[in-house]
Amino acid sequence: MRRSLVVSLALLAIVRSPAVAQTCMGLASFSNAPMQLTGNGNFSSGVNSFGATVGYGMQSGLWGNLGVSTLSIDGASSHPLGIGAHAGYETAVGKSRNPIHVCPNASFTYGNGPDDVNFNASTQDITLGVNVGTVMGGSNPRMKIVPTAGFSYAHTKLSAKDDAGASLGSASDSYGLAQLGVGLVMNQNISIRPSIDIPLKSGYDTRFGLTLGYNFGSKGAPARRR
């Protein structure tokens, strides 16, 4: 049973990652429109995930989103459902026309599943990290190219119970996660961002992702200076 938990944990961990937002992560900035909807997919060997988020960013640089996701695992009849939150703070470094945007950020996701005969699992995933991104010089204002990179510390825990509610044990793991992506931002509010996530630990597969985003809403009035 312990081996089953460890295998399930590895399968889940390679696709559990926060959905992304803002220039530092390769999508349209909240400074242009404070509301954001995204849809995303992540693909690796035998495991795929699909999700959506809704987020809001403040003029101060604080932002956050809530999301849902589901997993498709080869050979598994159930499709685990995840609910998560992701928050961070964006700041610009440098005084050039194309500064580097930096986002310290953190996320938490609770997952229900995967389940099997007399096996009911749940997961908890936490990440702490930093992402950086910048608009490439010479980009067309209607089509900005935003390369991005990041590093996160990820911790995943899986617990399992039988149909009677008795514990079957738990397993947890921690690892580093490197992230690379290139965002295409059109008209300042439509984003397309292919990406690659590279777990920095043996036993975890590299995953490829695609995120689509749409920003909308009116900017808040700037704070009045005294």
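Under the 3.5 Å distance criterion, with hydrogens and angles disregarded, no donor-acceptor pair is assigned to the side chains of Ser159 and Ser122. If you check the side chains of Ser191 and Arg193, you find no donor sitting under 3.5 Å from an acceptor.
For Asn187, the side-chain contact (heavy atoms from CB on, under 4.5 Å) partners are Arg142, Asn189, not counting sequence neighbours. Partners of Phe208 by ring pair (Phe, Tyr, Trp, His ring centres under 6.0 Å), not counting sequence neighbours: none found. With sequence neighbours excluded, the residues satisfying side-chain contact (heavy atoms from CB on, under 4.5 Å) with Leu128 are Ala106. By the side-chain contact (heavy atoms from CB on, under 4.5 Å) test, Ala92 pairs with Pro99, His101, sequence neighbours left out. The side-chain contact (heavy atoms from CB on, under 4.5 Å) check on Phe151 picks up Leu200, with sequence neighbours excluded.
Cluster membership check: Val93 shares its hydrophobic cluster with Val130, using side-chain heavy-atom separations under 4.5 Å among Ile, Leu, Val, Met, Phe, Trp and Tyr. Under the 4.5 Å side-chain heavy-atom criterion for grouping Ile, Leu, Val, Met, Phe, Trp and Tyr, Val135 is not connected to Leu180 through any hydrophobic cluster. Val132 and Leu27 end up in different hydrophobic clusters when Ile, Leu, Val, Met, Phe, Trp and Tyr side chains are linked at under 4.5 Å. Ile196 and Leu210 fall into different hydrophobic clusters, defined by Ile, Leu, Val, Met, Phe, Trp and Tyr side-chain heavy atoms under 4.5 Å apart, directly or through other members.
Partner Ile192 forms a side-chain contact (heavy atoms from CB on, under 4.5 Å) with one of Leu212, Val182, Val185 and no other, that one being Leu212. Of the candidates Thr123, Asp125, Thr109, Asp125 is the only one forming a side chain to side chain donor-acceptor pair (under 3.5 Å) with Thr156.
Distance check: Gln179 CD to Asn131 CG gives 5.0 Å after rounding to the nearest 0.5 Å. Atom OG of Ser69 sits about 6.5 Å away from atom CG of Leu81, to the nearest 0.5 Å. For the atom pair NZ of Lys201 and CG of Asp173, the computed distance is 3.5 Å after rounding to the nearest 0.5 Å.
Considering all non-hydrogen atoms of both residues, Pro147 and Ile145 come closest at CD-O, 3.5 Å. Across all their heavy atoms, Asn215 and Ala28 have their closest contact at ND2-O, 3.5 Å.
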side-chain hydrogen bond (donor to acceptor under 3.5 Å, both in side chains) between Asn65 and Gln36, worked out: CA-CA 8 Å; Asn65 62 48; Gln36 185 178 74; 5.5 Å; no
Quick one: do Thr53 and Thr38 satisfy side-chain hydrogen bond (donor to acceptor under 3.5 Å, both in side chains)? Show the steps, please. CA-CA 5 Å; Thr53 70; Thr38 72; 2.5 Å; yes
Can you list the steps and then say if Met25 with Asn105 is a side-chain contact (heavy atoms from CB on, under 4.5 Å)? CA-CA 11 Å; Met25 297 183 177; Asn105 60 92; 3.3 Å; yes
Given side-chain contact (heavy atoms from CB on, under 4.5 Å), test Gln124 with Phe108 step by step and report yes or no. CA-CA 7 Å; Gln124 299 177 41; Phe108 174 79; 4.2 Å; yes
Report the C-alpha distance between Tyr110 and Ile83 in whole Å, list the side-chain angles of each, state the deciding distance to 0.1 Å, and finish with yes or no for side-chain contact (heavy atoms from CB on, under 4.5 Å). CA-CA 5 Å; Tyr110 175 81; Ile83 300 175; 5.5 Å; no
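Judged by distance alone, with hydrogens and angles left aside, the side-chain atoms of Thr70 form a donor-acceptor pair with the main-chain N or O of Pro80 at under 3.5 Å. Between the Thr148 side chain and the Cys24 main chain, a donor and an acceptor come within less than 3.5 Å of each other.
In this structure, Asn120 and Asp163 have side chains that are in contact, with non-hydrogen atoms separated by less than 4.5 Å. Two residues are said to be in side-chain contact when any heavy atoms from C-beta on lie closer than 4.5 Å; Thr127 and Leu177 fail this criterion. Contact of the Met143 side chain with the Leu184 side chain is registered, since non-hydrogen atoms from C-beta on lie closer than 4.5 Å. By the 4.5 Å heavy-atom criterion applied to side chains, Met58 and Phe30 are not counted as neighbours. By the 4.5 Å heavy-atom criterion applied to side chains, Phe43 and Asn48 are counted as neighbours. Residues Trp63 and His86 meet the side-chain proximity criterion, which asks for heavy atoms closer than 4.5 Å. Contact annotation: the side chain of Lys157 approaches that of Ser170 to within less than 4.5 Å [non-hydrogen atoms, C-beta and beyond].
Side-chain heavy-atom separations under 4.5 angstrom define the hydrophobic clusters, and Leu66 shares its cluster with no other residue.
In the displayed structure, Met186 atom CE is contacted under 6.0 Å by more than 12 heavy atoms of other residues, nucleotides or ligands.
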